[in-house]
Amino acid sequence: MATQSTPPVSLPRPSKSNNPNPYPLSPTVNNDRYPIQSLINQCNSTKQLKQVHSQMLRTGLFFDPFSAGKLITASALSPFSSLDYARQSLLVFLQLLHHCEHFPDKFTFPFLINAASELKAFRVGRAFHGMVIKVSLSSDVYILNSLVHFYGSCGDLDLAYAVFVKTPQKDVVSWNSMITAFAQGGCPEEALELFRGMEKENVKPNDVTMVGVLSACTKKLDLEFGRWVCSYIERNEINVNLTLSNAMLDMYMKCGSFEDAKRLFDKMQEKDIFSWTTTLDGYAKLGEYDEARHVFDAMPSKDIAAWNALISAVEQNGKPKEAWLFFVNCSSVRMQNRMRSLLFVLYQLLLTERKDVFVRSATIAGLAMHGHGRAALDLFSKMLEARVKPNSVTFTNVLCACSHTGLVNEGQRLFYQMEPVYGVVPGEKHYACMVDILGRSGLLQEAVKLIEKMPILPTASVWGALLGACRLHGNIELAEQACSRLLELDPRNHGAYVLLSNIYAKTGKWDRVSGLRKIMRDFGLKKEPGCSSIEVNGIVHKFSFLTHFMLLM
DNA sequence: TTAGGGTTAG
């Protein structure tokens with residue numbers, strides 16, 4: 001990973017002439033534009049651009065549309081920069097321009113705050129919030145509702161709730177904004193609680209409320225409550241439009257009532273890409289590939305979400321080869337030949353300039369897998385700098401990177417920061433990674449202590465991590481305990497037997513090795529041989545150990 | 001002027 005260099009970036013000093021402002025807004029600024037343009041061109045990191053930006057703000061040059069435009073262009077088009085920064089610059093710029101003539105009023109702020117929500121531009125939105133307070137608009141319900149939505153979309157539920165609570169005269173939109181923020185922010189319980197609170201306050205829910213409530217049911221996988229919500233919608237004669245139908249459809253699909261979902265889908269007069277993708281995803285996740293493919297083919301239009309749903313479901317069902325072939329076949333339908341489909345992949349990769357949490361987490365995983373733990377952690381830091389909120393998967397990957405690189409302290413620090421700093425509750429995978437980190441480095445007792453303190457039941461992967469560490473450090477006694485706990489949870493885990501047998505072999509206990517092998521035979525357990533794969537001319541070839549061996553002969 | 005639905009990363 002390249003480190004950011006920090007060459008001195010400075011604007012020409014303001015001249016000590018009679019002109020108090022070296023960068024006036026008048027056309028005479030032309031003479032002073034060129035140094036800034038050349039300085040912007042010399043920047044080779046976001047940090048340097050930010051330095052230029054801050055100096056332009058300090059000196060007032062950012063008020064000059066030409067110069068500001070140069071900075072925004074550089075922010076958007078430079079290979080090292082991010083669109084978010086450009087968008088943020090643009091937002092501030094627009095706001096400053098606005099400031100020059102008319103100050104935003106109570107009708108302007110909801111739009112400005114909305115723009116910040118869409119860009120997830122936290123600091124920009126907070127600045128708007130500050131301005132709202134300063135100009136005494138902080139009791140306007142439209143503005144406050146927008147702020148609840150803004151904080152919710154930035155993942156800051158505490159601030160969203162603080163604004164909601166302080167909204168003097170809440171309307172249905174206030175409640176809906178907060179319910180949605182909770183439902184989308186991983187707090188479905190709180191969303192449902194708020195829905196009950198809304199009823200107590202005699203605020204009549206509408207279709208948007210019910211979308212949020214259904215979304216919370218879906219997150220909780222609570223079919224019973226979901227069904228109750230659907231009957232509530234009927235009883236209260238809530239307008240069922242396409243969006244609400246789609247929310248109901250998704251709830252049925254994800255909560256496992258496939259029949260209800262199918263009935264609803266067939267009954268729906270109007271369907272859009274959300275209805276189709278929800279159904280497609282339902283079939284695909286059930287492993288009904290023919291049906292899924294049928295739905296995919298029948299879709300009037302297909303977007304990236306539909307492709308992702310089908311390809312990933314096939315891949316997740318343990319069929320990477322089929323997923324790849326499906327991708328190639330589907331691409332060639334539109335793109336005529338394989339070369340073009342590969343270009344399509346490259347094009348998609350180039351479009352990852354967006355660098356969302358999915359792309360970043362996947363990259364961290366890739367680096368971790370290939371032993372580049374430090375680079376993975378650097379990427380994680382950059383992700384935080386870019387204000388991309390890490391989630392549960394990100395932390396699994398980051399901890400995996402620490403484990404592969406032997407970064408015990410770093411791993412511990414991040415693990416204990418997960419909940420208090422990032423609001424991500426450690427799950428079984430994080431505990432398994434942490435046990436792995438401690439165990440690999442020989443801290444077996446620390447690992448045991450961590451397992452004992454777990455607030456959730458240790459899963460097979462947690463015991464598996466401990467067993468693996470025992471094998472590495474030759475601790476037979478602890479290995480036997482870990483293995484027996486592991487087999488209690490997963491009796492047919494051939495890996496556990498193999499690991500324990502390896503420990504016995506390593507310590508010369510051959511009688512125990514043969515004993516274990518016999519148990520495996522009696523249970524009909526066989527270790528699946530590992531294999532590699534390679535794609536040649538569109539065909540995926542699998543190589544087992546035997547094939548490798550023959551190729552070497 | 002404010003609020004809503006589908007997919008992807010381990």
Side-chain angles (χ1 to χ4, degrees), chain A residues 104-114 117 137 140-150 152-153 160 163-164 167 170-181 183-184 205-216 218 239 241-251 253-254 271-282 284-285 295-296 299 302-313 315-316 323 348 352 354-366 368-369 383 390-401 427-430 432-433 461:
Chain A
D105 63 8
K106 68 171 186 171
F107 296 99
T108 324
F109 274 110
F111 290 113
L112 291 173
I113 296 166
N114 244 0
S117 303
L137 282 173
D140 182 273
V141 72
Y142 283 79
I143 294 177
L144 292 173
N145 291 347
S146 305
L147 282 168
V148 169
H149 172 66
F150 162 73
S153 64
V163 175
F164 172 76
T167 304
K170 299 180 186 66
D171 62 7
V172 67
V173 179
S174 319
W175 290 89
N176 290 351
S177 304
M178 198 59 233
I179 288 174
T180 306
Q184 292 179 348
N206 63 13
D207 51 326
V208 181
T209 321
M210 302 327 288
V211 171
V213 173
L214 278 169
S215 168
T218 310
N239 170 42
N241 55 18
L242 182 55
T243 305
L244 186 50
S245 295
N246 286 340
M248 286 159 73
L249 185 67
D250 191 42
M251 185 278 294
M253 278 288 186
K254 298 237 169 63
K271 297 181 183 81
D272 64 4
I273 196 151
F274 289 87
S275 339
W276 285 97
T277 311
T278 303
T279 308
L280 159 71
D281 187 54
K285 288 219 165 72
V295 173
F296 186 81
M299 285 176 81
K302 304 160 182 52
D303 65 0
I304 191 74
W307 284 66
N308 285 343
L310 190 51
I311 293 172
S312 71
E315 194 270 334
Q316 295 277 320
Q348 290 293 322
T352 54
R354 233 178 86 231
K355 288 185 197 147
D356 60 11
V357 67
F358 288 93
V359 173
R360 288 174 197 260
S361 303
T363 314
I364 289 172
M369 260 178 229
M383 175 174 173
N391 63 21
S392 171
V393 177
T394 321
F395 276 105
T396 308
N397 302 346
V398 167
L399 292 173
C400 178
E428 53 130 331
K429 284 181 180 158
H430 308 108
C433 282
S461 53

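Heavy atoms only: backbone and side chains are in, while hydrogens, waters and symmetry mates are out. Order of the sequence lines sets the chain letters (A, B, ...), proteins ahead of strands, with each chain counted from 1.
When the side-chain nitrogen and oxygen atoms of A:Gln316 are compared with OP1 and OP2 of B:dT8, none of them lie within a distance under 4.0 Å. Here A:His430 does not reach the OP1 or OP2 of B:dG10: none of its side-chain N or O atoms lies under 4.0 Å away. A sub-4.0 Å separation between OP1 or OP2 of B:dA3 and a side-chain N or O of A:Asn114 is present. Within the 4.0 Å cut-off from OP1 or OP2 of B:dT8, at least one side-chain nitrogen or oxygen of A:Lys285 is found. Between A:Thr277 and the phosphate of B:dT7, there is no side-chain N or O to OP1/OP2 separation shorter than 4.0 Å. Phosphate contact (OP1/OP2 of B:dT7, side-chain N/O of A:Lys254, threshold under 4.0 Å): present.
Side-chain proximity of A:Ala305 to B:dG6, B:dT2, B:dA9: nearest is B:dG6. Distance from the side chain of A:Val211 is smallest for B:dG4 among the nucleotides B:dT2, B:dT7, B:dG4. Side-chain proximity of A:Val173 to B:dG4, B:dG6, B:dT2: nearest is B:dT2. The side chain of A:Lys429 approaches B:dG10 more closely than any other nucleotide in the set B:dG4, B:dT2, B:dG10. Of the listed nucleotides (B:dT7, B:dG4, B:dT2), B:dT7 has the atom at the smallest distance from the side chain of A:Asp281.
Judged by distance alone, with hydrogens and angles left aside, A:Asn391 brings a side-chain donor or acceptor within reach of the base of B:dA9, the pair sitting under 3.5 Å. For A:Asn206 against B:dA3, a side-chain N or O and a base N or O form a donor-acceptor pair under 3.5 Å. Between the side chain of A:Asp250 and the base of B:dG6, no donor-acceptor pair of N or O atoms lies under 3.5 Å. Side-chain N/O atoms of A:Thr396 and base N/O atoms of B:dG10 include a donor-acceptor pair closer than 3.5 Å.
Cation-pi contact between A:Lys302 and A:Phe296: present, with separation from the ring centre below 6.0 Å and deviation from the ring axis of at most 45°.
Checking side-chain atoms of A:Ser361 against main-chain N and O of A:Phe358 turns up no donor-acceptor pair under 3.5 Å. At least one donor-acceptor pair under 3.5 Å links the side chain of A:Thr108 to the backbone N or O of A:Asp105.
At whole-Å resolution of the value, CG in A:Leu112 and C1' in B:dT2 are 13 Å apart. Distance, A:Leu280 CG to B:dG6 P: 14 Å, rounded to whole Å. B:dG6 atom P lies 18 Å from atom NZ of A:Lys271, rounded to whole Å.
Ion pairing between a basic and an acidic side chain is recognised when a charged N comes within 4.0 Å of a carboxylate O; A:Arg360 and A:Asp356 show no such pairing.
With rounding to the nearest 0.5 angstrom, the CD1 atom of A:Ile273 is 10.5 Å from the OG1 atom of A:Thr278.
With centroids closer than 5.5 Å and planes inclined by less than 30 degrees as the test, A:Phe107 and the base of B:dT1 fail to qualify as a stacked pair.
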